[in-house]
Each structure stands twice: as C-alpha cells, then as structure tokens.
Amino acid sequence: MTSLYDTVGVVGAGAMGRGIAQIAAQGGSTVRLYDTQPEAVAKARNEICSQWDRLLEKGRMDAPSVQACKARLQPAATLEALADCALVVEAIVERLDVKASLFAQLEAVVGPDAVLATNTSSLSVTAIAAGLKRPQRFAGYHFFNPVPLMKVVEVVAGLKTDPAVCEALAAYARQMGHTPVQAQDTPGFIVNHAGRGYGTEALRIVGEGVADFATVDRILKDQVGFRLGPFELMDLTALDVSHPVMESIYRQYYDEPRYRPSVITAQRLAGGVVGKKVGEGFYRYVDGKAQVAAEPPVPQVADMPPVWVSTRAARRSELYQLLKDLGAKIETGQSPSPTALSLVAPLGFDGTTVAVVERLDPARTLGIDMLVEDAATKRRVLATNPATRADMRDAAHALFARDGKAVSVIRDSGGFVTQRVVATIVNIASDICQQRICSPKDLETAVTLGLGYPLGPLAMGNRWGPTNVLEVLFNMQTVYGDPRYRPSPWLRRRGAIGLSLLHEED
Ligand code: NAI
C-alpha cells in the first residue's frame with residue numbers, strides 16, 4: 001500500500017497518540033512514535049501490537065498485514081529521529097506553552113514541506129502556530145477517544161493554514177479509514193461546540209426543579225432516541241473532564257449565554273462526585289452498574305373525568321385520536337365543563353401561562369408535550385402547574401398510561417424537557433452554521449459520529465419542524481427573558497420560510 005505520507009511522526013504516546021499511531025500504521029505509513037517518557041513508547045507499542053493480535057484472532061486482519069503493521073510501527077528515541085517524517089501529529093499535554101515549544105523544536109528537525117498537526121481539543125490552532133516560521137503548513141487534526149473506534153477527525157484550519165494542507169490531511173484521514181470534517185479554528189471546533197446543548201439545558205431543567213435527573217434521562221432516551229441520557233453521559237465522561245470543557249467554551253466565547261455552565265456540575269466537581277469512575281456521579285454505581293430508582297407507579301383512578309383539549313394545542317387532531325384510542329370521554333364544547341380535565345399542549349410556553357390566557361381553571365389543567373408525534377415516542381410527558389389538583393394529575397397520568405406506554409409527570413416549565421433540549425441543540429448547531437465554522441453536512445457527520453446522536457442536529461430540527469423549533473425558542477425567550485434562547489439567524493430565516501435546515505445558501 002502506498003501512503004499519502006510515507007513516514008509519519010507521532011509525538012506523545014498516551015491514550016490519543018497510541019490510537020493515532022495505530023491507525024496511521026494500518027493506513028500504510030511508517031510511524032515513528034516519540035514521547036519524553038521512553039517507557040511510555042514501549043508500553044504504547046506493546047498495547048498497539050496486542051490490539052493487532054486481537055484483530056487477527058477475530059479475523060479482522062490477516063497475518064501478513066499484522067506483521068507489516070508491527071514492522072511499520074517504530075519507536076523514536078529522540079525528536080531528531082522524526083527528521084524524515086512528511087507529517088508529524090502531536091498528542092502531548094494540553095498546554096499552549098508546551099505545545100508551542102515542541103513545534104518550534106520540530107520545525108528545526110523536519111524538512112520544509114513536512115506538515116505539522118496538533119490533536120488539541122481546546123486550544124486555538126492559530127495560537128499554537130503563532131511562533132512558527134511556516135504556520136501555513138500547520139493545522140489541527142482532532143481525533144476522538146478511542147481513536148480506532150471513533151471514526152471521525154476534525155481537520156482544523158488556523159488563520160494562516162494553507163487550504164491544501166487541510167485537503168491532504170482529509171485525504172490521509174480517509175486512507176486511515178476515518179471520516180474527515182473541515183472546521184474553522186473556533187472554541188470547541190465542531191463536536192465539542194455542538195455538544196454544549198445537551199448537558200447544559202438538561203442541567204438547567206434539573207436546576208429549576210422541573211424534573212429529577214433520572215426522569216430527564218428517561219424522557220430524552222424515550223422521546224428522542226438518545227442512547228445515553230445527558231446525566232448518564234456526564235457520569236461516563238466524568239465531570240473533571242466535562243465541566244472544565246463547559247467553562248472553557250463559555251469563557252472563550254466571552255460569556256455567550258447559550259453555553260453558560262451550571263452550578264450543579266461545579267459543586268459536584270468540587271465535592272469529588274464526578275461520575276462512574278469514582279463509583280458516584282448523578283447515579284451511584286455498584287459493580288459498575290448504575291443504581292436507578294424505580295419509576296413512580298401508575299396511580300389507580302376509579303372515576304376518570306371527561307377530557308377537554310385546548311383549541312390551540314400542538315398536534316390537536318392527533319391528540320384527539322390518541323384520547324379516543326385510550327377510551328377517554330372527550331368534551332368538544334368551546335370550554336371545559338366544571339368537572340373536566342383540561343389539556344394544553346404548548347410549544348415553548350408553560351402550561352400555567354396558557355391556562356391563564358385561555359381562561360382555564362389551572363387546578364384542572366395539565367400540559368402534554370406534543371412536539372414529537374405520539375407514534376414515534378416511547379414515553380408521554382405531562383406537566384402540572386403550581387395549582388394542579390392531585391386527583392387531576394393522577395387521572396391524567398392513569399389515562400395516558402392505559403395502553404402501557406410510559407408516562408412521566410414533571411413540573412411545568414416553558415418547553416417541557418424534550419422541546420427545551422432539542423431546541424437548544426438545534427439552535428447551537430444553527431449558530432455553528434451561521435458562523436460558517438463548518439458546512440451543514442460536516443456538522444451532521446461530526447455530531448453523529450463524534451457524539452453518537454440518533455440524528456444530526458439539523459436533521460433533528462427538520463424532523464420536528466424548523467417552524468416548531470423556532471416557535472419553542474421564541475416562546476421560551478418570552479417565558480424566561482433569557483438571551484440563551486435567542487434563535488440563531490440561521491434557524492430564524494430557514495424557520496420563517498419553511499426551508500430545510502440543511503439547505504446551504506450560495
Ligand atoms: P495522555 O496524558 O494520555 O498522554 C500524553 C503523553 O504525552 C504522555 O505519555 C506524556 O509523557 C507525553 N508528553 C507530555 N509532554 C511531552 C513533550 N513535551 N514531548 C513529548 N511527549 C510529551 O494524554 P491524551 O489523553 O493522550 O491527550 C493528548 C492530547 O490529545 C491532548 O492535547 C488532549 O487535549 C488531546 N485530546 C485528548 C482526548 C481524550 O479524550 N483523551 C480527545 C481528543 C484530544
């Protein structure tokens with residue numbers, strides 16, 4: 001196999017350098033692996049070789065390829081041993097001064113046409129390149145952990161990077177079996193920037209006492225199809241990693257409210273309750289398994305009241321059909337009778353405000369989230385307002401659980417759980433496109449491969465309607481008076497004219 005870069009240097013033989021060295025050797029390059037700790041190189045080489053042995057056992061690689069890969073992976077005792085490398089990828093400690101000084105040394109070692117790349121996840125590529133004689137040959141090459149399994153890499157152009165360098169790095173990524181996406185040098189690049197919506201909005205929901213974290217996890221998994229709830233994800237990543245990322249991106253964007261972190265994670269981090277690796281995060285872990293409290297049981301209700309549905313409910317006809325299927329006594333008058341349970345289904349507004357505006361008795365009113373169509377969700381979400389009577393809450397809970405579907409009853413807030421989190425994810429993604437950090441297509445690729453979302457954020461917005469998402473945000477902005485929910489112009493324009501969020505203008 002001929003390689004785009006015959007000889008590749010990897011500096012730093014930790015978790016990331018090891019993975020990069022492995023896929024570069026598999027991609028056909030001779031790899032020179034260097035670390036200031038020589039034992040780290042030996043350890044890394046052993047581990048990579050045993051990975052290949054496992055792939056051989058599983059039949060994913062044949063014996064000659066394994067042998068060839070092992071021969072191509074060579075330890076480098078000094079930085080000077082990287083002199084013949086056409087590409088050097090750095091994966092050392094995440095410090096600007098240390099990285100800048102390494103690249104200054106490397107520039108003196110490698111040839112004039114060699115490409116230099118950093119695997120930084122949070123530093124500016126432009127800043128690392130600032131002291132270089134030839135910053136045009138320098139770029140970000142941001143892989144994800146574990147590198148051989150996470151098949152996406154962000155190719156990041158600094159201010160002075162030659163576009164041809166990015167193109168070559170993208171082609172080389174494909175040669176290594178990875179999917180490259182192109183990003184401008186901005187805080188968090190694509191994946192760590194787009195990922196701000198999920199956890200931070202979920203934390204706000206819990207912080208407001210709308211629902212507990214286990215309920216939020218259940219709702220987002222069952223209604224949207226996320227593989228892990230935001231709190232399960234934070235437990236897995238661990239707050240000592242994720243909270244500083246939240247703070248860093250927020251600060252780097254000069255306190256942009258969309259990225260505002262939460263005091264909940266700050267406090268838990270300070271208390272050492274950081275996640276699964278220490279046995280306790282949002283969940284407690286016994287033998288590595290999260291201990292999840294059982295859901296509240298479905299209440300027994302002898303006398304089911306008749307049900308009246310607001311004329312302004314989202315998906316009103318679908319909600320009617322659902323109530324019919326569930327065997328409810330439906331009222332069709334202009335206003336509810338004195339005994340009826342009233343249902344409101346707002347987008348972005350809270351049920352309390354809607355009850356007041358529609359002159360309903362708040363004591364007999366509940367909200368239901370109808371953003372996602374009932375057939376597509378495994379869970380229904382109801383919300384009480386501060387005046388909702390317990391018998392009405394229980395009646396609604398029992399009614400919507402009649403066909404065996406899970407029901408969560410949460411407290412009223414502008415936008416329920418799914419509307420808030422989905423709208424925030426779509427809004428942040430739209431702003432990434434608005435800032436031209438990457439193309440809409442690369443954004444979708446980066447997020448589905450890098451974060452494992454069931455859909456790319458823009459496809460998610462299209463799935464439930466840019467107009468609906470926009471309505472959620474406009475109304476939440478009114479409810480909260482918080483610029484955090486200010487819709488991005490990208491979403492505003494496309495939502496206003498009913499255009500796909502994936503549509504790229506000329
Ligand atoms: P690590 O701590 O596992 O490994 C770093 C290695 O670099 C160590 O073996 C250390 O001895 C070596 N090193 C430190 N300074 C050096 C120098 N001046 N010259 C040569 N070797 C040096 O770190 P990890 O997790 O592999 O991260 C490396 C880089 O990759 C960091 O910039 C990090 O931000 C970035 N990154 C990490 C991800 C992760 O999930 N761990 C994901 C994406 C990027």
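Along the sequence shown, residues carry numbers from 1. Order of appearance sets the numbers: ligands from 1, and atoms from 1 within every ligand.
One finds a salt bridge joining Lys70 and Asp53 here, because a Lys/Arg side-chain nitrogen approaches an Asp/Glu carboxylate oxygen to under 4.0 Å. Using a 4.0 Å cut-off between charged side-chain N and carboxylate O, Arg196 and Glu201 make no salt bridge. Between Asp97 and Arg95 there is a salt bridge, since at least one side-chain N of the basic residue sits less than 4.0 Å from a carboxylate O of the acidic one. Salt bridge status for Glu504 with Arg436: absent, with no side-chain N to carboxylate O gap under 4.0 Å.
Under a 4.0 angstrom heavy-atom cut-off, Arg18 registers as lying outside contact with ligand 1. Using a non-hydrogen distance threshold of 4.0 Å, Phe144 does not register as a contact of ligand 1.
Looking at ligand 1, you'll find an N or O of Ala15 within less than 3.5 Å of one of its N or O atoms. The distance criterion of under 3.5 Å between nitrogen or oxygen atoms is not met by Glu90 with respect to ligand 1. The shortest N or O to N or O distance between Ile92 and ligand 1 is below 3.5 Å. Checked by distance only, ligand 1 and Thr120 stay at 3.5 Å or farther apart across all their nitrogen or oxygen atoms.
Results of the ring-ring contact (aromatic ring centres under 6.0 Å, His included) test with Phe231 over Phe213, Phe226, Tyr198 single out Phe213 as the only residue that passes.
In plain terms, the two heavy atoms of Phe138 and Ile128 that are nearest each other are CZ-CG2, 3.6 Å.
From the protein, the heavy atom lying nearest to atom 5 (C) of ligand 1 is Ala91 O, 3.8 Å. Looking only at heavy atoms of the protein, atom 34 (O) of ligand 1 is closest to Glu94 OE1, 2.9 Å. Nearest protein neighbour of atom 19 (N) of ligand 1, counting heavy atoms only, is Thr36 CG2, 3.5 Å. Here the heavy atom of the protein found nearest to atom 43 (C) of ligand 1 is Phe143 O, 3.1 Å. Counting only heavy atoms of the protein, atom 26 (O) of ligand 1 lies nearest to Met16 N, 2.8 Å.
For ligand 1 and Lys99, the ligand atoms under 4.0 Å from any heavy atom of the residue are 31 (C), 32 (O). In the vicinity of Gln37, heavy-atom distances shorter than 4.0 Å reach the ligand 1 atoms 11 (O). Close contacts between ligand 1 and Gly12 involve ligand atoms 7 (O) [criterion: under 4.0 Å to a heavy atom]. In summary, the atoms of ligand 1 found under 4.0 Å from a heavy atom of His142, numbered by their order in the structure, are 43 (C), 44 (C). Per-residue contacts place Val11 under 4.0 angstrom from the following atoms of ligand 1 (heavy atoms of the residue considered): 20 (C).
Annotation for Lys43: atom NZ does not count as buried by contact number, only 12 or fewer foreign heavy atoms lying within 6.0 Å. Taking a 6.0 Å sphere around CD of Gln67, one finds it holds 12 or fewer heavy atoms contributed by other residues, nucleotides or ligands.
Distance check on atom 2 (O) of ligand 1: every protein heavy atom falls at or beyond the 4.0 Å cut-off. Protein heavy atoms are absent from the space less than 4.0 angstrom from atom 23 (O) of ligand 1.
Within the structure, salt bridge (Lys or Arg N to Asp or Glu O under 4.0 Å) pairs that include any residue of residues 246-265 comprise Arg251-Asp255, Glu256-Arg258, Glu256-Arg486, Arg258-Asp431, Arg260-Asp482 (at least two apart or interchain).
Between Phe144 and His142, the angle of the ring planes lies from 30° to 60°, which puts this pair in the tilted group.
In the candidate list Val241, Asp35, Asn145, Asn145 is nearest to atom 40 (O) of ligand 1, counting heavy atoms.
Scored by the salt bridge (Lys or Arg N to Asp or Glu O under 4.0 Å) test, Arg54 finds no partners at all (sequence neighbours excluded).
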